[in-house]
Participant: 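Would you mind keeping the following structure in view while I ask a few things?
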Amino acid sequence: MEQRLISLLQSSPRLDQLKQIHALISRTCPNLTPIFLKLLLNQPATIRYARQVFFTVPSPDSLISNSVLSAHSKLSLHREALEIFHHWHRRGAQITSFSIPSVLKACASLAALDAGKQVHSIVLQLGFFSNVFIHTALVDYYVKNNDVCSAQKAFDEIVDKDPVPYNCLIFGYSKSSDVVQARHLFDTMPQRTASSWNTIIACYAHQGDFNEALTLFERMLEEGFQPNEITIVVLLSICAKVSDLETGLKVKKLIDGHHSRSSLIVRTAIIEMYVKCGAVDEARLEFNQMDRRDVVAWSAMIAGYAQNGRSNEALELFKKMQSECCEPNEVTLVSVLSACSQLGSTDVAERIGTYVESLGFTSSVYVNSALLDMYAKCGNIQKARRIFDEMSQRDIISWNSMIGGLAYNGFAEDAVSLYHEMIQESLKPNDITFVGLLTACTHAGLVDLGLKFFHSMRSEHHTVPKIEHCACIVDLFCRSGRVDDAYRFILEMEMKPNVVIWGTLLSACRIHSNIELAKISVARLLELEPENSSNYVLFSNLCAEAGQWEEARSMRKLMKSKDVQKLAAYSWIELNGRLNKFLVGDRSHVRCDEIYDTVDELNLQLKGVHEFYLEESI
DNA sequence: CTAGGGTTAG
């Protein structure tokens, strides 16, 4: 009978068949009910029915009750687990020490604070003092509720501690950023497991102390611990954050033997490691080799393309994801939007924007900020503003995107007044806020206001200006023709000027024909990036325009001697969703004659407009 | 029949 029952249940019966089997058992051999129930618990498909059967059992013993409870807990059916426990508790059934951990796990996952406290008091009433399992579950419960104090108290109750409660509490201290306590527990625990190492390594990684994390990993290997999947994932994510491809590959080697079996998460972490090290093509190879991909894997790869400036490939992959019926989540959409914002195409922005808006992530601050950022960067400032105004919640990044968006689109005054609104709402500006503000001032020629904002960073907002803020100030002086002030500012800067700063000055020197400063800037630029052709070309053109032919020729010579290749620059225009690229003297387009005629005509018209304004001003 | 650590983002 029992064998037949097993084979019947394994043939994935329908609900009506299950009912028949159940009826048969209750009529002919009720003593088989517990076995029947246990078999139902084994499969997620039949656990619902198991619950119904359990509720009909007149007085279930604690063994079967605990099995029902733990089966639900294992499948993360926490709500149902709590329901079972309440039902059972009401009937006055005997609660054993085995019942408690599953219930506490359910309370922790549901963030059911009151229920958890009740269970704790039941624990005290029933006198389960110093039971390792129960108190470990209590430590875990309090850690998950961010109450590390109560967790420590529950921990202290345990007389004979194995590594598990230590690991739980170390994680608790890690979550509350108390590295000292975490490390103390780790150092003093009598014996460790691989999980102990994983927890402490992850703790340092969360703190941003990647060196200590890597040192501990080496010690872990030295002491003969076998890294598991979680160790690998933690390490790969560290390598991703510090862009350390060399260590990343070493870690990857550790699992290369049984690579085919490695989990989705490990493979996603490998993709992420490659992506953050700039090795996008290697990431794609890894991605292609996956036999199964979830939304996280797709998102990681799409984000990888987006972050490495390969927007078209990001969008192509998103299309493929949709064709394989994988539903995008917020993270996917944010990456897709970020790819679009780099393309700068109004058509694509319109299409993807409308699509994203139709999906109903209306309350997501993340998605909305990415949306408004994209609209702004693609020139649709009205839509960007509409999204911003309609947002029910905004964080610093939403404000920054809007301020920056207004700034880049030339609405300097709106950017500045939005900043004041932000201050009114008592939000703290960060360094990105100031990049937006300074950009606004640059575009509008508001030199004094820009300098005021720059100085207020330190004095009022306790943020230290970074090199990008200094670059904004240099640009601010340069655009208003004050190249000498720009140079003076560079000399007084606390940090070493970079290529952006010297490049800005050099370009300004060409416009304002300042050969002396141009010489200084180009010298710095050739030190910093001898391979960049535009510096040589810019300087030599500048000299030629000023009539200094000898200087111009020698710079061309220098460029040639260093074998610097000049990159062909092209301009492009998007028409009816198609991208058309043009090189200098390009005749490849089928209608190039018409195109050149039109360009000539436009030039004439522009000259006419220019002359008209000249006459007007006289 | 009981417990812990991990991946994607503006």
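It should be emphasised that the depicted structure is a prediction, and the values quoted were computed from it without experimental measurement. In what follows, every chain begins at residue 1, and chains take the letters A, B, ... in the order their sequences are listed.
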Participant: Atom CD1 of A/Ile230 to atom C1' of B/dG6: distance rounded to whole Å?
Facilitator: 5 Å

Participant: Among the nucleotides B/dG6, B/dA3, B/dA9, which one has an atom lying closest to any side-chain atom of A/Ala303?
Facilitator: B/dA9

Participant: Could you check whether A/Ser99 gets within reach of a base, just the sugar-phosphate, or nothing at all, counting any heavy atom under 4.0 Å?
Facilitator: nothing

Participant: Using a distance-only criterion (donor-acceptor N/O pair, under 3.5 Å, no hydrogens), is the base of B/dG10 paired with the side chain of A/Asp395?
Facilitator: yes

Participant: By nearest atom, which of the nucleotides B/dG6, B/dA3, B/dA9 is closest to the A/Ile265 side chain?
Facilitator: B/dG6

Participant: Heavy atoms only, 4.0 Å cut-off, all strands: where does A/Ser196 land among base, sugar-phosphate and nothing?
Facilitator: base

Participant: Does A/Asn66 offer a backbone N or O that forms a donor-acceptor pair with the side chain of A/Ser99 under 3.5 Å?
Facilitator: no

Participant: Take atom CD of A/Gln342 and atom P of B/dA9, then tell me their distance rounded to the nearest Å.
Facilitator: 14 Å

Participant: Looking only at side-chain atoms of A/Ser335, point me to the closest of B/dG6, B/dA9, B/dA3.
Facilitator: B/dA9

Participant: What is the separation between atom NZ on A/Lys377 and atom C1' on B/dG10, rounded to the nearest whole Å?
Facilitator: 9 Å

Participant: With distance as the sole test, does A/Glu286 use its side chain to make a donor-acceptor pair with the main-chain N or O of A/Ile270 at under 3.5 Å?
Facilitator: no

Participant: Give a yes-or-no answer on whether the side chains of A/Ser401 and A/Ser398 include a donor-acceptor pair shorter than 3.5 Å.
Facilitator: no

Participant: Any chance the rings of A/Tyr166 and A/Phe186 have centres within less than 6.0 Å?
Facilitator: no

Participant: The side chain of A/Asn198 is closest to which nucleotide in this list: B/dT7, B/dG5, B/dA9?
Facilitator: B/dG5

Participant: What is the nucleic acid contact for A/Val139, judged by heavy atoms within less than 4.0 Å: base, sugar-phosphate only, or nothing?
Facilitator: nothing

Participant: Output yes when at least one side-chain N/O atom of A/Lys276 is less than 4.0 Å from OP1 or OP2 of B/dA9, else no.
Facilitator: yes

Participant: Calculate the interatomic distance between A/Ile238 atom CD1 and B/dT7 atom P; express it in whole Å.
Facilitator: 10 Å

Participant: Mind checking if A/Ser67 touches a base, just sugar-phosphate, or nothing, with heavy atoms under 4.0 Å?
Facilitator: sugar-phosphate

Participant: Take the protein atom NE2 of A/His78 and the nucleotide atom P of B/dA3, then report the distance between them rounded to whole Å.
Facilitator: 11 Å

Participant: Report yes if a side-chain nitrogen or oxygen of A/Lys74 is closer than 4.0 Å to either non-bridging phosphate oxygen (OP1 or OP2) of B/dT2; otherwise report no.
Facilitator: yes

Participant: Would you call A/Arg48 and A/Glu80 a salt bridge, using N to O less than 4.0 angstrom?
Facilitator: no

Participant: Without decimals, in angstroms, what is the distance between A/Leu69 CG and B/dA3 P?
Facilitator: 10 Å

Participant: Going by an N to O cut-off under 4.0 Å, is there a salt bridge joining A/Asp244 and A/Lys250?
Facilitator: no

Participant: Given B/dT7, B/dG10, B/dA3, identify the nucleotide with an atom nearest to the side chain of A/Ser73.
Facilitator: B/dA3

Participant: Would you mind telling me which of B/dC1, B/dT2, B/dA9 lies closest to the side-chain atoms of A/Asn66?
Facilitator: B/dC1

Participant: Would you classify A/Lys161 as touching base, sugar-phosphate or nothing, given that sugar-phosphate means primed atoms plus P, OP1 and OP2, and contacts are heavy atoms under 4.0 Å?
Facilitator: nothing

Participant: Just the rounded figure in Å: distance from P of B/dG5 to CG of A/Leu216.
Facilitator: 19 Å

Participant: For the side chain of A/Val331, counting heavy atoms from C-beta on, which of B/dG5, B/dG10, B/dT8 is nearest?
Facilitator: B/dT8

Participant: Using the side-chain heavy atoms of A/Ser70, tell me which of these nucleotides is nearest: B/dG10, B/dG6, B/dT2.
Facilitator: B/dT2

Participant: In terms of side-chain geometry, is the basic nitrogen of A/Glu282 or A/Lys252 positioned less than 4.0 Å from the acidic oxygen of its partner?
Facilitator: no

Participant: Does the side chain of A/Gln307 get closer than 4.0 angstrom to OP1 or OP2 of B/dT8 through an N or O atom?
Facilitator: no

Participant: Look at all strands and tell whether A/Asn228 reaches a base, only sugar-phosphate, or nothing, counting heavy atoms closer than 4.0 Å.
Facilitator: base

Participant: Report which part of the nucleic acid A/Asn400 touches: base, sugar-phosphate, or nothing (heavy-atom distance under 4.0 Å, all strands).
Facilitator: nothing

Participant: For A/Tyr366, report the nucleic acid contact type (base, sugar-phosphate, nothing); a contact means any heavy atom under 4.0 Å.
Facilitator: base

Participant: Report the nucleotide, chosen from B/dA3, B/dG10, B/dC1, that has the shortest atom-to-atom distance to any side-chain atom of A/Asp373.
Facilitator: B/dG10

Participant: Contact list please: residues 119-135 of chain A against DNA chain B, heavy atoms, distance less than 4.0 Å, in numerical order.
Facilitator: A/Phe133

Participant: Could you list all the salt bridge (charged side-chain N to carboxylate O under 4.0 Å, His left out) pairs where at least one residue sits in residues 364-374 of chain A, not counting sequence neighbours?
Facilitator: A/Asp373-A/Lys377

Participant: Measuring from the side chain of A/His206 (C-beta onward, heavy atoms only), which nucleotide among B/dC1, B/dA3, B/dG6 has the closest atom?
Facilitator: B/dG6

Participant: Would you kindly give the CD1-to-C1' distance between A/Ile64 and B/dT2, to the nearest whole Å?
Facilitator: 16 Å

Participant: With no hydrogens and no angle check, do the side chains of A/Gln152 and A/Tyr173 hold a donor and an acceptor under 3.5 Å apart?
Facilitator: yes

Participant: Can you list every side chain to side chain donor-acceptor pair (under 3.5 Å) pair that touches residues 295-304 of chain A, not counting sequence neighbours?
Facilitator: A/Ser299-A/Thr332

Participant: Describe the nucleic acid contact of A/Thr199 in one word from base, sugar-phosphate, nothing, applying a heavy-atom distance below 4.0 Å.
Facilitator: sugar-phosphate

